[in-house]
Amino acid sequence: MKRWYKAGRTALILAAAAVLLAGCGGALDPRGDRAQDQYFLIMLSFGIMILVMLVVFTLFFTAIIRFRRRRGDTGDPKQVAGNHRLEIIWTVIPFTLILILASFTVVYAFKHDEVIAAEDAVNVQVVGHQFWWEFNYADYGIRTAQDLVLPANTWVNVELTSADVIHSFWIPQLTGKTDTNPGLTKTVAFKTGDPDVYLGKCAELCGEGHALMDFKVVVKNREEFEAWVAGMKEPAPAPATPAAAAGQEVFGNYCISCHAVESDKMSLGPNLKGFADRLTVGGFRENNDMWLREWIIDPQEVKPGATMPAFGDLLSEEELDNLIEYIRTLK
Amino acid sequence: MTSEEKGVTSVAHAYSATVAAGTRRGFWAVLKDWLTTVDHKKIAILYLLGGTFFFAIGGIEALLIRYQLMFPEFDAIPAQLFNELITMHGTTMIFFVAMPLVFAFMNAVVPLQIGARDVAFPFVNALGFWLFFLGGLMLNLGWFFQTVPDAGWTAYVPLSGADYGSFGVNFYVMGLQISGLGTLIGAINFIVTIVNMRAPGMTFMRMPLFTWTSFITSVLILFAFPPLTVGLVLLMFDRLFGANFFDVTQGGNVVLWQHFFWIFGHPEVYILILPAFGIISEVVSTFSGKRLFGYSSMVFATVLIGFLGFMVWAHHMFTTGMGAVANALFSVATMLIAIPTGIKVFNWIFTLWGGKIRFTAANLFAVSFIPTFVMGGVTGVMLASAPANFQFHDTYFVVAHFHYVIVGGIVMALLAGCFYWWPKMFGRMLDERLGKWTFWTFYPGFHLTFFVQHFLGLMGMPRRVYTYLDGQGWNTMNLISSIGAFLMAIGVIIFLVNVFKTAAKPADAPSDPWDGRTLEWSLPTPVPEYNFRQLPLVRGLDAWWLEKREGRTHMTPAEPPGPIHMPSPSILPLWMSVGLFIAAIGFMYAKEPFSIGFIRFLFEHYVIAAGGLALFFVCMIIRSLKDDHGYHIHPEEAEGEAAHQ
């Protein structure tokens, strides 16, 4: 019975591996240079370990099936102290396997610690906040949040730090994670893949909102990226409708102290320049009027632990409508 | 007979009556007996009870966690409570379940296995237990005050610090501080016991493997707990007295805590798993009917694992940005541990090989330990590769890995140990049939829970998330995982039923029910208070089996019968622990604005804290100044008792 259970388990391993290899996302569907290296190491170590498990399991199941005590057999089995040849074999072979894995590990450990000085490399400062991400492009004078916009197939150097507690910056399909430590900076490089939207996550417990501290990595082709940079540097157009104008006033009364709307301004909360084009509200909900409204009324209801106060009681329905209309003009 | 001797006689009789026939004395007498005991066998039972109590709490927390993660965006448990649950689950299971249960078996078995009458410092042994128990209560006190530690069992600053952490983290800091003291002195006790108190002929290389692993574990504790204590003291100063060790705005450093924590934390893994290895070695060898294959290499591997265990702490920190050199070195060092561990696995398999294996409940758990532990081990090697670790770290892959090691390894071994040593500890055999039911629910439940988590991690599910969004392909596996957790719970409940059922049976277990190989099985059941009437002469590895196969029914004594020195019971260990408990409360609430002025005064001026410390030191002084030579049990008394049995 036990044997069949184990056999079933092995089948499950293989089936699951097959499904995953087909690409379910995450680290197993790498799209960037770093993530591809890491995928290779995962598969290499996985392969070696499957090999080890096959050998050990074969010996193990043979032993427990062949050497069960038969009914009525009362004598002692032969007492064996050990066997030097066997002991040497099972020291040397694992050592060799470890040596293989260790060699690749050391090579990639050094490779993945390099900052890339390529001419077209993009440099971004990433600041983790409870519970959102700030992205500063010092080279372009742009500050933004939640959507990390990058050109395709380009090296990116991210300088990581935090404004409060430790977070961890992770884009599974592009690169493994590196912590953002308050008071310290660490720069790591990764290469973007083809134009697409990739999921980014916080991987270090950072408080109540940790589970939902996602961000999006929006990879555009070069021209679109340049256009985005140019657009971000343009001042926001004046509100075209009376409602939006009224909304701007509401924004000025309640929101501006924490949210800048020009990309070169420092901002306590996420900088909202270009918010209308962002993919999400709060980093993980679809950017539509419904979620934006929910968010303004009670951010903690959408994302527990969010530090923005709730405005549901302060704003009338009309003010809310106007505010949303204004925010929609922040392109 | 002098009056003193009469007193001794009655004590000894009362003892054997209690152990043999259950409680015939009054409730208060029994309670007093357990609160003041310094007998390693009773302290073992206290550790077992304490560990089981906290296991129930930690287990319920685990079930709540799996309940919340059963469905995407499920809102059974709010985010804050979830963070509290994961923190308490981890802290409880490591410090207040695995540690005391390991100590339970060390106490129950090690003195018997080396042929000693007790541990070297029975008083310290009792103190160790009470510090552990009150530390555990301290940790859980937060539930009553509705402010619970919530920064993860690793309590990374600044999330656990003065600025961002909740008040509840104080319970974590103080609870671990108090119980850590207990663990440390417990370890010192076992080192001294094993080095000094082995019976004649019990050389180091004749020690049973459980004793060896307990010895190495104690050495690891001796070196690993001080760094934790230092870290906790720094955190305590930050939190309670406004220091700035971890405050970056004042020149502190947040990564420093992680180093302190893991310099302790990684050896802690080996502190727990080595005794588990020991239990497996004993059980597998006994039920194969063979001596342990490659005994010397097993000892060597144990020592090597202990040594390497201190060289690898930073593999928990690959993603903190330590740089390539540190990452590469710690990767390679970590991988090296696979080699001695592999040696152990192969030695167990070849102990089974050629044996005549009896699949008792104990052995079912022990044998199944081998493949599950191998699975936990190989994922450990995968995690050791730093660049790949950037993807694994803080995902469910890690959760799966360490649960394979801790549940598939340590818990399986502890269950094996329970079924194996229960007759020696309690004089009753656990029910084999219920034991097998436990196995066939717990073991599949375990794999169901944790196997899929490897893949959840690889697919990008971070650990410590209170919920996850729909549409990421994680739903089915999370549901499977939760179902598995409930299956494990059923296994545990069957085990508890087994324990109660067994407790109701008469204590009639034979003294050597498994055809055991080591000295504990040479003793009568129940084991007399003084263990060995005459110290045994050990003539080789598997000393008792050796004698049995030469047709003897008793160990050859190494000394003539003589008066046996026994330590007196003492209530002081309990009061000392209570003193520290009170002091901790006093310091924690010093700044609390109590509404009642007098209470506020007491806390504000550290009267409570000072009172607790005073109680602690007064007990210490009493212990130091009061001459207590214990008492003696005389040979004719011991003879009479032997005849009586």
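The analysis underlying the following values was restricted to heavy atoms, covering all of them including side chains, and did not include hydrogens, waters or symmetry mates. Order of the sequence lines sets the chain letters (A, B, ...), proteins ahead of strands, with each chain counted from 1.
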Between B/Arg549 and A/Asp76, does at least one N-O distance fall below 4.0 Å, as a salt bridge requires?
yes
Can you tell me which of B/Ser385, B/Ala386, B/Ala79 forms the most heavy-atom pairs within a distance under 4.5 Å of chain A?
B/Ser385
Of the backbone (N, CA, C, O) and the side chain (C-beta and beyond), which part of B/Asp163 lies under 4.5 Å from a heavy atom of chain A, both, or neither?
neither
Based on non-hydrogen pairs under 4.5 Å, which of B/Leu329, B/Ile370, B/Val332 is most in contact with chain A?
B/Ile370
Side-chain heavy atoms of B/Asp394 within contact of A/Glu204, under 4.5 Å
yes
Non-hydrogen atoms of B/Lys290 and A/Pro77 that approach each other most closely:
CG-CG, 3.7 Å
I'd like to know which of B/Asp515, B/Ile357, B/Thr379 tops the heavy-atom pair count under 4.5 Å against chain A.
B/Ile357
Below 4.5 Å, heavy-atom pairs only: which of A/Ser162, A/Gly207, A/Ala203, A/Ala81 has the largest tally toward chain B?
A/Ala81
Is B/Val374 close to chain A through its backbone or its side chain, or both, or neither, when contacts mean heavy atoms under 4.5 Å?
side chain
Where A/Ile98 and B/Ala338 come nearest, the two heavy atoms and their spacing
CD1-CB, 4.0 Å
Region of B/Gln258 that comes under 4.5 Å of a non-hydrogen atom in chain A:
side chain
Just so I know, are the side chains of A/Cys206 and B/Tyr164 near enough to count as touching, which here means a heavy-atom distance under 4.5 Å?
no
Residue selection (most heavy-atom pairs with chain B, distance under 4.5 Å) from A/Lys201, A/His112, A/Lys78, A/Met213
A/Lys201
Turns out that what part of A/Glu87 lies under 4.5 Å from chain B's heavy atoms comes down to side chain
With side-chain contact (heavy atoms from CB on, under 4.5 Å) as the criterion, how do A/Trp90 and B/Asn347 come out once you've worked through the C-alpha distance, each side chain's angles and the decisive distance to 0.1 Å?
CA-CA 10 Å; A/Trp90 66 53; B/Asn347 277 329; 3.3 Å; yes
Given heavy-atom pairs under 4.5 angstrom as the criterion, report whether the side chain, backbone, both or neither of A/Leu184 touches chain B.
side chain
For A/Lys177, which atoms come within 4.5 Å of any heavy atom of chain B: side chain, backbone, both, or neither?
both
Let me know if B/Val378 has heavy atoms under 4.5 Å from chain A in its side chain, its backbone, both or neither.
both
Hey, are the side chains of B/Leu469 and A/Leu212 touching, using non-hydrogen atoms and a 4.5 Å cut-off?
yes
Interface check, chain A: of B/Val255, B/Asp542, B/Ile349, B/Asn327, most non-hydrogen pairs under 4.5 Å belong to B/Ile349
Between A/Thr187, A/Leu99, A/Asn181, which residue shows the highest count of heavy-atom pairs closer than 4.5 Å to chain B?
A/Asn181
Heavy-atom distance under 4.5 Å between the side chains of B/Val381 and A/Met49, does that happen here?
yes
So for B/Leu292, is it side chain, backbone, both, or neither that comes closer than 4.5 Å to the heavy atoms of chain A?
backbone
Interchain contact, B/Glu73 with chain A, by part (heavy-atom threshold 4.5 Å)
side chain
If you count heavy-atom pairs under 4.5 Å between each of A/Gly75, A/Gly209, A/Pro94, A/Gly305 and chain B, which one has the most?
A/Gly75
Which answer fits A/Phe104, side chain, backbone, both or neither, if we ask what part of it has an atom under 4.5 Å from a heavy atom of chain B?
neither
I'd like to verify something: which residue of A/Ile166, A/Thr175, A/Val52, A/Val188 has the highest number of heavy-atom pairs under 4.5 Å with chain B?
A/Ile166
Find out whether A/Phe57 and B/Pro371 are in side-chain contact, i.e. whether some heavy atom of one side chain is under 4.5 Å from a heavy atom of the other.
yes
In this structure, CG of A/Leu205 is separated from OG1 of B/Thr87 (nearest 0.5 Å) by 6.5 Å
Just do the ring pair (Phe, Tyr, Trp, His ring centres under 6.0 Å) check on A/Phe60 and B/Trp353 with the steps written out, would you?
CA-CA 9 Å; A/Phe60 172 77; B/Trp353 198 277; over 10 Å; no
CD of B/Gln391 to CG of A/Leu41: how many Å apart, nearest 0.5 Å?
10.5 Å
With a 4.5 angstrom heavy-atom cut-off, which part of A/Gln130 approaches chain B: side chain, backbone, both or neither?
side chain
Do A/Asp164 and B/Pro158 have side chains that approach each other closer than 4.5 Å (heavy atoms only, starting at C-beta)?
no
When the 4.5 angstrom heavy-atom criterion is applied to B/Phe350 and chain A, the contacting part is side chain
Evaluate whether atom CZ of A/Phe95 has more than 12 neighbouring non-hydrogen atoms of other residues, nucleotides or ligands under 6.0 angstrom away.
no
Counting only heavy atoms closer than 4.5 Å, note whether B/Asp150 contacts chain A via side chain, backbone, both or neither.
backbone
B/Thr395 versus chain A, the contacting section by heavy-atom distance below 4.5 Å:
side chain
Spatial distance of atom CZ (B/Phe346) from atom OG1 (A/Thr91) [nearest 0.5 Å]:
9.5 Å
Of B/Met461, B/Gln80, B/Arg464, B/Met335, the largest count of non-hydrogen pairs under 4.5 angstrom with chain A goes to B/Met335
A/Glu301 atom CD, over 12 foreign heavy atoms within 6.0 Å
no
Any non-hydrogen side-chain atom of A/Gln38 less than 4.5 Å from a side-chain atom of B/Phe390?
yes
Under 4.5 Å heavy-atom distance to chain A, tell me which part of B/Phe392 shows up: side chain, backbone, both or neither.
both
A/Asp113 and B/Gly323 have their tightest heavy-atom pair at OD2-CA, 3.5 Å
Supply the atom-to-atom distance A/Ile88 CD1 to B/Ile343 CD1, rounded to the nearest 0.5 angstrom.
10.5 Å
Identify which of B/Ala328, B/Ser166, B/Gly377 forms the greatest number of heavy-atom pairs closer than 4.5 Å to chain A.
B/Ala328
Relative to chain A, which segment of B/Tyr156 carries a heavy atom at a distance below 4.5 Å: side chain, backbone, both, or neither?
side chain
To the closest 0.5 Å, what do you measure between CG (A/Asp29) and CG (B/Leu458)?
12.5 Å
Can you tell me which portion of B/Leu159 sits under 4.5 Å from chain A's heavy atoms? Options are side chain, backbone, both or neither.
both
Where B/Val248 and A/Pro182 come nearest, the two heavy atoms and their spacing:
CG1-O, 3.2 Å
The interface call for B/Arg463 against chain A, heavy-atom contacts under 4.5 Å, is backbone
A/Pro304 versus B/Pro78: any side-chain heavy-atom pair under 4.5 Å?
no
Picking from A/Asp73, A/Asp37, A/Leu86, A/Asp214, which has the most non-hydrogen pairs under 4.5 angstrom with chain B?
A/Asp73
For A/Leu44, which atoms come within 4.5 Å of any heavy atom of chain B: side chain, backbone, both, or neither?
neither
How many angstroms lie between atom NE2 of B/His393 and atom CH2 of A/Trp170, to the nearest 0.5 angstrom?
10.5 Å
Contact part of B/Phe293 toward chain A, heavy-atom cut-off under 4.5 Å: side chain, backbone, both or neither?
both
If we count only N and O atoms by modelled type, under 3.5 Å, do the side chains of B/Thr320 and A/Asp179 hold a donor and an acceptor together?
no
Does any backbone or side-chain atom of A/Arg34 lie under 4.5 Å from a heavy atom of chain B? Answer side chain, backbone, both or neither.
neither
